[in-house]
Amino acid sequence: MTRSLAANDPRAVGTAIACYTLWGLLPLLFMAMAAHGFGAPEILAHRAVWSVFVAGLVLLLAGQWGEAKQVLATPRIFAWLALSAIMIAINWSLYVFATTHHATLEASLGYYINPLLNMAAGAVLFRERIDRWSGAAIALAAVGVAIQTVALGHVPIIGLTLAVSFCAYAVIRKRVHASAQTGLFVECLVLLPFGALFLAWLATHGQATGFSSPSGLAWALVNGPATVIPLALFAWSARRLPLSTVGFIQFLAPTLQFACGVWAGEPLTVLRIASFVFIWAGAGVFALGAAFRSRAARRAVALAEPG
């Protein structure tokens with residue numbers, strides 16, 4: 001039996017936990033930057049600009065510059081990555097806005113339902129089978145979203161848009177033959193001109209918080225590694241872990257985001273708690289179903305092995 005199916009690599013598990021922990025605590029960075037005077041558009045611009053340099057360094061260390069040059073020279077692949085860049089820009093924009101405008105709880109809702117939405121997209125677009133566990137998880141999440149709608153007094157646009165945009169991003173990247181590091185570098189390269197032009201406009205109007213002081217520049221620069229490092233950790237760990245393990249660990253990020261929202265004093269009503277109970281139940285059923293599928297796959301491999 002192969003190692004990836006036989007057992008979880010402790011190093012990969014630790015790396016995945018580190019990845020999702022960093023993603024889960026990202027709201028704290030954006031909240032701190034907002035308190036320092038940064039607006040959401042400027043945070044997004046700095047994220048687009050400085051991520052290019054960090055992503056380029058990751059490519060250099062991974063020896064993947066050749067792949068990046070090939071992607072840039074292939075119009076079809078570059079066009080798909082430009083489209084994925086638009087999706088991730090929508091996701092980043094809304095996420096930064098949410099975490100700097102007291103809507104972190106709703107943002108966490110989006111990332112709870114994202115893996116469930118991925119399952120639905122897989123069934124519709126790639127004819128992947130949805131079993132009873134997956135169907136129950138999606139149904140529970142749908143109830144949670146409905147209760148959240150009642151609790152907020154409107155459809156949770158932020159959470160749903162975050163989930164849909166990241167799902168669309170995942171679908172596009174599934175079709176693109178490029179590594180995670182190369183794809184991110186090209187995406188950041190696409191977004192670079194827009195971020196740079198906006199920062200230049202802010203600077204000429206004396207509104208660039210990131211260039212107004214050494215501390216402002218430090219806050220701006222940290223967006224590069226904060227964006228790229230978690231993705232690099234994810235790419236390394238995902239190749240070495242069973243899907244069931246990744247599926248379980250990924251719920252760490254929205255849980256930490258939820259905690260950040262509560263810590264920041266966002267209102268947590270009874271209805272909102274009830275909505276998250278259904279979302280958490282759906283996440284639990286999803287993880288449990290993935291664990292059963294992984295166990296069945298290991299048994300099938302074991303039975304197929306000679307001797």
Minimum side-chain heavy-atom gap [X]-[Y] below 4.5 Å:
X      : Y      : result
Phe276 : Ile147 : no
Phe234 : Pro230 : no
Asn114 : Cys167 : yes
Thr227 : Val54  : no
Met33  : Asn223 : yes
Phe251 : Tyr111 : no
Glu266 : Phe258 : no
Leu221 : His46  : no

Donor-acceptor under 3.5 Å (Glu106 side chain, Ile157 main chain): yes

Between Gln181 and Ala62, is there a donor-acceptor pair closer than 3.5 Å when you use the side chain of the first and the backbone of the second? no

Minimum heavy-atom distance [X]-[Y], with the two atoms named:
X      : Y      : answer
Leu44  : Ser93  : CD2-OG, 2.8 Å
Ala151 : Leu271 : CB-CB, 3.6 Å
Leu94  : Ile158 : CD2-O, 3.6 Å
Ala85  : Leu191 : O-CD2, 3.9 Å
Thr149 : Pro156 : OG1-CD, 3.1 Å

Which residue pairs satisfy the side-chain hydrogen bond (donor to acceptor under 3.5 Å, both in side chains) criterion with at least one member in residues 276-288, sequence neighbours excluded? Tyr112-Trp280

More than 12 heavy atoms of other groups within 6.0 Å of [X] [atom1]:
X      : atom1 : result
His101 : NE2   : yes
Tyr169 : OH    : yes
Phe211 : CZ    : yes

Tell me whether the rings of Phe185 and Trp65 are parallel (<30°), tilted (30 to 60°) or perpendicular (>60°). perpendicular

Would you please name every residue forming a side-chain hydrogen bond (donor to acceptor under 3.5 Å, both in side chains) with Thr182, sequence neighbours left out? Glu67, Ser179

Taking side-chain hydrogen bond (donor to acceptor under 3.5 Å, both in side chains) as the definition, give me every residue that meets it alongside Ser108, ordered by chain and number, with sequence neighbours left out. none

Cut-off 3.5 Å, side chains only: do Ser84 and Arg173 have a donor facing an acceptor? no

Could you give the side-chain donor-acceptor pairs of residues 68-78 under 3.5 Å, partners two or more places apart or in another chain?
residue : atom : partner : partner atom : Å
Thr74   : OG1  : Gln70   : O            : 2.7

Sequence neighbours excluded, the answer for salt bridge (charged side-chain N to carboxylate O under 4.0 Å, His left out) partners of Arg272 is none

Below 3.5 Å, can you tabulate the donor-acceptor pairs from side chains in residues 198-206 to any protein atom, sequence neighbours excluded?
residue : atom : partner : partner atom : Å
Thr204  : OG1  : Ala200  : O            : 3.3
Thr204  : OG1  : Trp201  : O            : 2.8
His205  : ND1  : Trp201  : O            : 2.8

With hydrophobic residues grouped by side-chain heavy-atom distances under 4.5 Å, do Phe97 and Trp23 end up in a single group? no

